2 protein chains.
Amino acid sequence: MNNHLKDLRAAKGWSQAILAEKLDVSRQTVIAIEKGKYDPSLPLAFKIAGTFGLRIEDIFEP
Amino acid sequence: MNNHLKDLRAAKGWSQAILAEKLDVSRQTVIAIEKGKYDPSLPLAFKIAGTFGLRIEDIFEP
DNA sequence: CAGAAATGTAAAGTACCCTTTACTTAATCC
DNA sequence: GGATTAAGTAAAGGGTACTTTACATTTCTG
(Lines give C-alpha, C1' and ligand atoms only; values in the text may rest on other atoms or scores of the structure.)
Protein backbone atom coordinates (compact mmCIF):
# COMPACT_ATOMS: atom_id res chain seq x y z
CA MET A 1 0.00 0.00 0.00
CA ASN A 2 1.32 3.41 -1.00
CA ASN A 3 1.20 6.61 1.08
CA HIS A 4 2.25 10.26 1.04
CA LEU A 5 3.25 10.42 4.66
CA LYS A 6 6.74 11.67 4.03
CA ASP A 7 5.52 14.54 1.84
CA LEU A 8 2.79 15.48 4.26
CA ARG A 9 5.22 15.51 7.15
CA ALA A 10 7.73 17.58 5.19
CA ALA A 11 4.97 20.05 4.28
CA LYS A 12 4.36 20.56 7.97
CA GLY A 13 8.08 20.93 8.67
CA TRP A 14 8.00 18.13 11.20
CA SER A 15 10.87 15.74 11.90
CA GLN A 16 10.17 12.04 12.15
CA ALA A 17 10.73 12.30 15.89
CA ILE A 18 8.16 15.08 16.22
CA LEU A 19 5.57 13.19 14.20
CA ALA A 20 6.24 10.02 16.19
CA GLU A 21 5.59 11.96 19.35
CA LYS A 22 2.35 13.40 18.00
CA LEU A 23 1.20 9.92 17.00
CA ASP A 24 2.38 8.37 20.22
CA VAL A 25 4.46 5.76 18.42
CA SER A 26 8.19 5.15 18.11
CA ARG A 27 10.30 6.85 15.48
CA GLN A 28 10.97 3.43 14.00
CA THR A 29 7.30 3.07 13.28
CA VAL A 30 7.19 6.38 11.42
CA ILE A 31 10.23 5.37 9.39
CA ALA A 32 8.80 1.95 8.56
CA ILE A 33 5.49 3.38 7.37
CA GLU A 34 7.10 6.19 5.38
CA LYS A 35 9.39 3.70 3.66
CA GLY A 36 6.50 1.35 2.99
CA LYS A 37 8.01 -1.43 5.04
CA TYR A 38 4.54 -2.12 6.39
CA ASP A 39 1.14 -0.49 6.72
CA PRO A 40 -0.08 1.09 9.93
CA SER A 41 -2.83 -0.56 11.95
CA LEU A 42 -6.27 0.91 11.38
CA PRO A 43 -6.25 2.84 14.67
CA LEU A 44 -2.88 4.34 13.81
CA ALA A 45 -4.12 5.20 10.32
CA PHE A 46 -6.97 7.12 11.93
CA LYS A 47 -4.52 8.90 14.19
CA ILE A 48 -2.33 9.84 11.24
CA ALA A 49 -5.29 11.15 9.28
CA GLY A 50 -6.46 13.16 12.28
CA THR A 51 -3.01 14.64 12.80
CA PHE A 52 -2.93 15.96 9.26
CA GLY A 53 -6.59 16.93 9.14
CA LEU A 54 -7.19 14.54 6.25
CA ARG A 55 -9.12 11.36 5.60
CA ILE A 56 -7.43 7.99 5.51
CA GLU A 57 -8.26 7.70 1.82
CA ASP A 58 -6.37 10.94 1.19
CA ILE A 59 -3.15 9.60 2.69
CA PHE A 60 -3.13 5.91 1.85
CA GLU A 61 -3.80 4.24 -1.49
CA PRO A 62 -4.44 0.50 -1.65
CA MET B 1 -12.58 0.70 17.71
CA ASN B 2 -16.28 0.41 16.91
CA ASN B 3 -17.83 -0.57 13.57
CA HIS B 4 -21.18 -1.22 11.87
CA LEU B 5 -20.04 -4.17 9.85
CA LYS B 6 -22.72 -6.53 11.10
CA ASP B 7 -25.50 -4.08 10.25
CA LEU B 8 -24.06 -3.31 6.85
CA ARG B 9 -23.74 -6.98 6.04
CA ALA B 10 -27.29 -7.69 7.22
CA ALA B 11 -28.56 -4.81 5.08
CA LYS B 12 -27.05 -6.53 2.07
CA GLY B 13 -28.50 -9.87 3.09
CA TRP B 14 -25.09 -11.50 3.07
CA SER B 15 -24.03 -14.33 5.35
CA GLN B 16 -20.68 -14.15 7.11
CA ALA B 17 -19.39 -16.80 4.73
CA ILE B 18 -20.43 -14.79 1.67
CA LEU B 19 -18.82 -11.63 2.98
CA ALA B 20 -15.66 -13.52 3.89
CA GLU B 21 -15.51 -14.79 0.34
CA LYS B 22 -15.98 -11.32 -1.12
CA LEU B 23 -13.22 -9.98 1.11
CA ASP B 24 -10.97 -12.94 0.47
CA VAL B 25 -10.54 -13.65 4.16
CA SER B 26 -11.68 -16.47 6.43
CA ARG B 27 -15.09 -16.50 8.08
CA GLN B 28 -13.30 -16.32 11.43
CA THR B 29 -11.88 -12.97 10.46
CA VAL B 30 -15.33 -11.60 9.65
CA ILE B 31 -16.66 -12.87 12.97
CA ALA B 32 -13.75 -11.41 14.91
CA ILE B 33 -14.11 -7.98 13.34
CA GLU B 34 -17.90 -7.92 13.68
CA LYS B 35 -17.63 -8.85 17.33
CA GLY B 36 -14.93 -6.26 17.88
CA LYS B 37 -12.38 -8.83 18.92
CA TYR B 38 -9.83 -6.91 16.89
CA ASP B 39 -9.59 -4.32 14.14
CA PRO B 40 -8.89 -5.21 10.53
CA SER B 41 -5.57 -4.34 8.97
CA LEU B 42 -5.60 -1.17 6.88
CA PRO B 43 -5.65 -3.08 3.56
CA LEU B 44 -8.59 -5.14 4.75
CA ALA B 45 -10.37 -2.00 5.96
CA PHE B 46 -10.00 -0.59 2.44
CA LYS B 47 -11.38 -3.81 0.99
CA ILE B 48 -14.34 -3.73 3.35
CA ALA B 49 -15.09 -0.11 2.51
CA GLY B 50 -14.85 -0.88 -1.19
CA THR B 51 -17.17 -3.85 -0.88
CA PHE B 52 -19.87 -1.71 0.69
CA GLY B 53 -19.22 1.33 -1.48
CA LEU B 54 -18.41 3.41 1.58
CA ARG B 55 -15.42 5.16 3.07
CA ILE B 56 -13.44 3.69 5.92
CA GLU B 57 -14.58 6.55 8.14
CA ASP B 58 -18.20 5.62 7.43
CA ILE B 59 -17.73 2.08 8.72
CA PHE B 60 -15.19 2.37 11.52
CA GLU B 61 -15.13 4.83 14.41
CA PRO B 62 -11.97 5.22 16.48
C1' DC C 1 35.33 22.17 9.38
C1' DA C 2 33.03 20.63 13.71
C1' DG C 3 29.09 19.59 16.10
C1' DA C 4 24.33 18.80 16.25
C1' DA C 5 20.14 17.30 14.35
C1' DA C 6 17.79 14.39 11.26
C1' DT C 7 17.45 10.20 8.82
C1' DG C 8 18.41 5.43 8.11
C1' DT C 9 19.57 0.36 9.18
C1' DA C 10 19.55 -3.70 12.08
C1' DA C 11 18.10 -7.03 15.45
C1' DA C 12 15.44 -9.11 19.12
C1' DG C 13 11.14 -9.26 21.56
C1' DT C 14 5.99 -8.65 22.25
C1' DA C 15 1.37 -8.33 20.78
C1' DC C 16 -1.90 -8.52 17.38
C1' DC C 17 -4.03 -9.91 12.63
C1' DC C 18 -5.38 -13.75 10.11
C1' DT C 19 -5.37 -18.64 9.04
C1' DT C 20 -7.00 -23.50 9.49
C1' DT C 21 -9.45 -26.95 11.86
C1' DA C 22 -12.97 -28.57 14.66
C1' DC C 23 -16.81 -28.42 17.35
C1' DT C 24 -21.19 -26.24 19.35
C1' DT C 25 -25.30 -23.59 19.20
C1' DA C 26 -28.98 -21.00 16.90
C1' DA C 27 -32.07 -20.16 13.07
C1' DT C 28 -34.51 -21.63 8.98
C1' DC C 29 -37.16 -24.81 6.14
C1' DC C 30 -39.30 -28.84 4.32
C1' DG D 1 -38.96 -33.17 14.17
C1' DG D 2 -34.90 -33.64 11.16
C1' DA D 3 -31.90 -31.60 7.98
C1' DT D 4 -29.56 -27.76 6.38
C1' DT D 5 -27.64 -23.20 6.76
C1' DA D 6 -25.87 -19.50 9.65
C1' DA D 7 -23.56 -17.93 13.61
C1' DG D 8 -20.49 -18.55 17.50
C1' DT D 9 -16.38 -20.38 20.30
C1' DA D 10 -11.73 -22.26 20.86
C1' DA D 11 -6.96 -23.21 20.01
C1' DA D 12 -2.56 -23.53 17.62
C1' DG D 13 0.46 -21.45 14.18
C1' DG D 14 2.43 -17.94 10.83
C1' DG D 15 3.16 -13.33 9.53
C1' DT D 16 3.01 -8.48 10.52
C1' DA D 17 2.81 -4.14 13.43
C1' DC D 18 5.22 -1.96 16.91
C1' DT D 19 8.75 -1.54 20.59
C1' DT D 20 13.43 -0.73 22.41
C1' DT D 21 18.24 -0.31 21.84
C1' DA D 22 22.20 0.71 19.35
C1' DC D 23 24.89 2.36 15.77
C1' DA D 24 25.84 4.52 10.92
C1' DT D 25 24.99 7.99 7.68
C1' DT D 26 23.34 12.21 5.91
C1' DT D 27 22.02 17.08 6.36
C1' DC D 28 21.88 21.37 8.63
C1' DT D 29 24.14 25.17 11.11
C1' DG D 30 27.50 27.93 13.43
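The figures that follow rest on heavy atoms only: side chains count, while hydrogens, waters and symmetry mates do not. In what follows, chains carry the letters A, B, and so on, assigned in the order in which the sequence lines appear, proteins first and then strands, with residues in each chain numbered from 1. What you see is a predicted model; the values in this text were computed from it and never measured.
Within a 6.0 Å radius of CD in Glu21(B), no more than 12 heavy atoms belonging to other residues, nucleotides or ligands are found.
Distance from the side chain of Ile33(B) is smallest to dC18(C) among dT19(D), dC18(C), dA17(D).
The CG-P distance, from Leu5(B) to dA7(D), rounds to 12 Å in whole Å. Between Glu21(B) atom CD and dA6(D) atom C1' there is a gap of 15 Å when expressed in whole angstrom units. Atom CG of Leu23(A) and atom P of dA17(D) are 16 Å apart (whole Å). A straight line from CG of Asp24(B) to C1' of dT20(C) spans 15 Å, rounded to a whole angstrom. For the pair Leu19(B) CG and dC18(C) C1', the interatomic distance rounds to 15 Å; values are reported in whole Å. Rounded to an integer number of Å, the gap from CG of Asp39(B) to P of dC17(C) is 6 Å. Put simply, OH on Tyr38(B) is 12 Å from P on dC16(C), counting in whole angstrom units.
With hydrophobic clusters built from ILVMFWY side chains whose heavy atoms lie under 4.5 angstrom apart, Ile31(A) does not share a cluster with Val25(A).
Side-chain atoms of Asn3(B) come within 3.5 Å of backbone atoms of Ile33(B) as a donor-acceptor pair (strictly under, hydrogens ignored). At distances below 3.5 Å, at least one donor-acceptor pair connects side-chain atoms of Arg9(B) with backbone N or O atoms of Trp14(B).
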For nucleotides 4-9 of chain C, tabulate all protein N/O to nucleotide N/O atom pairs closer than 3.5 Å, reporting atom names and distance.
residue, atom, partner, partner atom, Å
dT7(C), OP1, Arg9(A), NH1, 3.0
dT7(C), OP2, Gln16(A), N, 2.8
dG8(C), OP1, Lys6(A), NZ, 2.8
dG8(C), OP2, Gln16(A), NE2, 2.6
dG8(C), N7, Arg27(A), NH1, 3.3
dG8(C), O6, Arg27(A), NH2, 2.8
dT9(C), O4, Gln28(A), OE1, 3.2
dT9(C), O4, Gln28(A), NE2, 2.9

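Between Ala45(A) and Ile56(A), the shortest heavy-atom contact is O-CG1, 3.8 Å. In plain terms, the two heavy atoms of His4(A) and Glu61(A) that are nearest each other are NE2-OE2, 3.1 Å. Nearest approach of Asp39(B) to Pro43(A), heavy atoms of both residues: OD2-CG, 3.4 Å. Taking each heavy atom of Met1(B) and Pro62(B) in turn, the nearest pair found is SD-CA, 3.6 Å. Nearest heavy-atom pair across Ala49(A) and Arg55(A) is CB-C, 3.9 Å.
Remark: Ser41(A) is not in phosphate contact with dT16(D), judged by side-chain N or O atoms under 4.0 Å from OP1 or OP2. OP1 and OP2 of dC18(C) both lie 4.0 Å or more from every side-chain N or O belonging to Thr29(B).
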When Watson-Crick pairs (N1 to N3 and N6-O4 or O6-N4) and G-U wobble pairs (N1-O2 and O6-N3) count only below 3.5 Å on both distances, what is the dot-bracket string of DNA chain C, with | for other-strand pairs? ||||||||||||||||||||||||||||||
